2 protein chains.
Amino acid sequence: MERPTRILDAAGRLTIRFGFDKTTMDDVAKEAGVSKGAIYLVWQGKEELIDALIEFEMKKLMLDLRRRIIADENCDSIAALYRQTLLAIQQNSLISALYTRDGKILGDFVHRQNPERYTRRLLMSKESVSAMQSAGLLRDDLSADVITYLFSLMALGFLSINSVIPVENAPPIDSTVGAIAAMVESGLTKPGGNRTLIKDSTIQMLDLLIEQYEKRDRNEH
Amino acid sequence: MERPTRILDAAGRLTIRFGFDKTTMDDVAKEAGVSKGAIYLVWQGKEELIDALIEFEMKKLMLDLRRRIIADENCDSIAALYRQTLLAIQQNSLISALYTRDGKILGDFVHRQNPERYTRRLLMSKESVSAMQSAGLLRDDLSADVITYLFSLMALGFLSINSVIPVENAPPIDSTVGAIAAMVESGLTKPGGNRTLIKDSTIQMLDLLIEQYEKRDRNEH
DNA sequence: ATATGACCAAAATCGAATAATTGGTCAAAA
DNA sequence: TTTTGACCAATTATTCGATTTTGGTCATAT
C-alpha cells in the first residue's frame, strides 16, 4: 500500500475512535509507522490531512456502493438503490458521523473551521430526483424538493436512531433497511416506468465521481 | 392560572431557552413571580420539578394532539394521524428535545440522573401497530416491530434534520409532513379496512392518557 | 395557614500560574 | 534525495485557592 494511503488509513482509524480533536499528528504518524515529518511531506497541515481523509473515505464509500449495486442483481429500482446507499453509508463510520453531525467524532474542529465544508449531501440530489420523476420512476404529485428532503430525513433517522433506541431493542439492520426500501417502493416510486437503465446509469454516475476523486488525487501529488 | 402551573410554565420557558443545567431554581421563581420557597412547597427539589415539567408538557402535547385530531375532519387514516402527531411534537420544543436527545437542552442533568428516565417513546407503540395490523389497516408483510421502528426513525429524522439542513434550504413544514403522510399512506397502510373507528378510538386512547396525567396531578398535591 | 427571602453548606465557576501537549519546522541522518 | 525526530512557539490542559452561584431550609412576616 502507498505511504499516503497508509497514513490516511491510520488517520481514519484514530478519528473514528477518538474524534478529530483528540487525534494528533503524532498519533497518526505512530499509528501509520512513519515519522511526523513524513505527513508534512504530503500535506500542508492537519486541516489538509483531514480534508484528504474525508475525500478518501468518500471514495471508499463510492467504491463500496458500486460494488454493492453490481452484486445485487435485483438492484433495478430506486428503492433498492436507496437501500444499498443506506447500508454503504452506515458501514462507513466517518461519513456516517459527517452526515449526522456526530459531535463525538467531529468535535470542535469542524466548528472552528467553516462547518459547511464538512457537510456531505451524498446521492439522491434534487437533480437526480427530478430526472427520475421525468423518467416516470418516482411519483410526481410530490415536488422533487420534498422527495429529496424525505430521502435525507429518513437517512438521518436511520443513521442516528441507535443513539435514541439502544441496538438491543432495535430490529436487525437488514430488516430495517428492507422495510424502508419496501415503504419507498410502494410509497414513493411509480409502478411501471423503464427500470432497465437504473442500475447501469447509477454505476456510470458512480464511475464518474470515482474518476473525479482519482483525478484530484493525481493532481495533488 | 394556578400557582404550580405558573411555576411549571416559567420552568418550561427557561428550560427551552437555557436548558436544564443553566436553569436555576432562583430563575424559575423570579420568572414565575414567586419566591423560591414557594417552589419547595409544591415539589421536593429540582429533580421533582423537572419530572413534573415533563409530565406537564406531555399532557399539553396530548391535549394539543387531541385538539388537532378533532379539528382535522380527514383524520381517518393512520397516515393522517401520524402527520398530526409529528406536527404536535414538533410544536413542543421540550418534548422534541427529549425525543431527539438534544444535548443543548438536556445538558448534563439527564446524564447525571438515570438517562432512561428522560426518554419518551410517544404514540405508535408496538402494541397499537400490532392492533392496527390485525384490523387490516397496516400492511402485514412487515413485522410490527419494524413498522414501529420505521415510525420512530422517520420522526427522529423529521425532528432533527434542521440541524443538518438549514431551514432556509428546507421545504415548508406542512409540505414535508404532507409528503411523509403521503408516503406512509401508500407505503405502509393497507387500502380498504375499517377506517371509521380510527379517529374515535385514538381520541379515546388520548382521553385515557390525559385522565391518567390528571389523576397523578391530584394525587401529588 | 401560607408565603417569603435572608441564610447556609455544597457545588460550580473563575483566574492565574504552572505543566503538558500539539502543530509545525528543519538540521542532520540515511 | 528522502526521511527522520529533536526542537520550538503556541496552544491547551491542569491545578488549586478564591469567589460566586446554587439547591435547599426555616425563622419570620403576612
Side-chain angles (χ1 to χ4, degrees), chain A residues 1-54 103-114 117-118 220-221, chain B residues 1-15 17-54 103-114 117-118 218 220-221:
Chain A
M1 208 197 287
E2 296 278 328
R3 231 163 64 137
T5 309
R6 272 213 323 278
I7 295 171
L8 288 176
D9 231 53
R13 238 171 298 136
L14 294 174
T15 301
I16 290 165
R17 285 177 85 81
F18 307 112
F20 284 137
D21 286 349
K22 299 292 175 197
T23 300
T24 73
M25 299 297 267
D26 242 339
D27 292 340
V28 174
K30 224 167 265 173
E31 175 86 8
V34 299
S35 73
K36 194 156 56 138
I39 301 177
Y40 287 88
L41 291 176
V42 185
W43 297 281
Q44 303 240 358
K46 191 179 185 181
E47 203 179 320
E48 282 72 22
L49 175 66
I50 288 176
D51 284 353
L53 172 59
I54 292 171
K104 200 87 191 265
I105 286 188
L106 303 187
D108 293 335
F109 186 89
V110 306
H111 207 257
R112 274 197 300 274
Q113 321 290 334
N114 178 10
R117 184 179 196 166
Y118 298 99
E220 276 169 14
H221 308 132
Chain B
M1 208 198 288
E2 296 278 329
R3 233 163 65 134
T5 311
R6 275 216 318 280
I7 294 171
L8 288 176
D9 232 52
R13 241 172 295 136
L14 293 174
T15 301
R17 284 179 86 81
F18 307 112
F20 285 137
D21 286 349
K22 299 290 176 196
T23 299
T24 73
M25 298 299 265
D26 243 338
D27 291 340
V28 173
K30 223 168 267 174
E31 175 86 6
V34 299
S35 72
K36 195 158 52 141
I39 301 178
Y40 288 88
L41 291 176
V42 186
W43 297 281
Q44 303 239 357
K46 192 179 185 181
E47 203 178 320
E48 281 73 22
L49 175 66
I50 288 177
D51 284 353
L53 172 60
I54 292 172
K104 200 88 192 263
I105 286 189
L106 303 189
D108 292 335
F109 186 90
V110 306
H111 207 257
R112 273 197 302 274
Q113 319 293 334
N114 178 10
R117 184 179 196 165
Y118 298 100
R218 263 173 280 144
E220 276 169 14
H221 308 129

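Lettering of chains follows the sequences in order, A, B, ..., and the numbering in each one begins at 1. Everything numeric here is computed off the predicted structure, so don't read it as measured data.
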Using the rule given for side chain to side chain contact (heavy atoms under 4.5 Å, CB included), can you reason through B:L49 versus B:M25, listing the C-alpha separation, both sets of side-chain angles and the distance that settles it, and then say yes or no?
CA-CA 9 Å; B:L49 175 66; B:M25 298 299 265; 3.9 Å; yes

Looking only at the side chain of B:S35 (C-beta and beyond, no hydrogens), which of the listed nucleotides D:dG23, C:dG24, C:dT4 gets closest?
C:dT4

Pair listing, salt bridge (Lys or Arg N to Asp or Glu O under 4.0 Å) test, anchored in residues 28-54 of chain A, at least two apart
A:R13-A:E31, A:E47-A:R117, A:D51-A:R117

Measure CD/B:E47 against C1'/D:dG24 and give the value in whole Å, please.
14 Å

Against the side chain of A:A38, the closest entry in D:dG23, D:dT4, C:dT22 is D:dT4

How about A:T24 and A:F18: do any of their side-chain heavy atoms sit closer than 4.5 Å?
no

Rounded to the nearest 0.5 Å, what separates atom CZ in A:R17 from atom CG in A:D27?
11.5 Å

Measuring from the side chain of A:T24 (C-beta onward, heavy atoms only), which nucleotide among D:dT25, D:dT4, C:dG23 has the closest atom?
C:dG23

Which nucleotide sits closest to the side chain of A:M25: C:dG24, C:dT4, D:dT4?
C:dG24

Result for side-chain contact (heavy atoms from CB on, under 4.5 Å) between B:T23 and one of B:I105, B:I50, B:L14, B:L53 points to B:L14

To the nearest 0.5 Å, tell me how far B:L106 CG sits from B:Y118 OH.
10.0 Å

Quick one: B:D26 CG to D:dT25 P, roughly how many Å, whole number?
15 Å

If an axis is fit to five pairs at each end of the helix from C:dA1-D:dT30 to C:dA30-D:dT1, what is the angle between the two, to the nearest 10°?
30°

Starting from P on D:dT2, measure out to CZ on A:R3 and report it in whole angstrom.
11 Å

Could you give the CD1-to-C1' distance, from A:I50 to C:dT22, as a whole number of Å?
13 Å

Expressed as a whole number of angstroms, how long is the span from A:I39:CD1 to D:dT4:P?
10 Å

Nearest 0.5 Å, please: how far is CZ in B:F20 from CD1 in B:I54?
4.5 Å

Rounded to whole angstrom units, what separation is found between the CG atom of B:L41 and the P atom of D:dC26?
13 Å

Atom-pair distance (NZ on B:K30; C1' on D:dG23), nearest Å
14 Å

For B:D21 and D:dG23, give me the distance from atom CG to atom P, rounded to whole Å.
10 Å

Considering only heavy side-chain atoms of B:V34, the closest of D:dG24, C:dT4, C:dG24 is C:dT4

Any idea which heavy atoms bring B:A32 and B:I7 closest together, and the distance?
CB-CA, 3.9 Å

With rounding to the nearest 0.5 Å, note down the distance linking CG in B:D108 to CG in B:D21.
5.0 Å

Are any protein N/O atoms closer than 3.5 Å to N/O atoms in nucleotides 6-12 of chain C? If there are, list each pair with its distance.
none

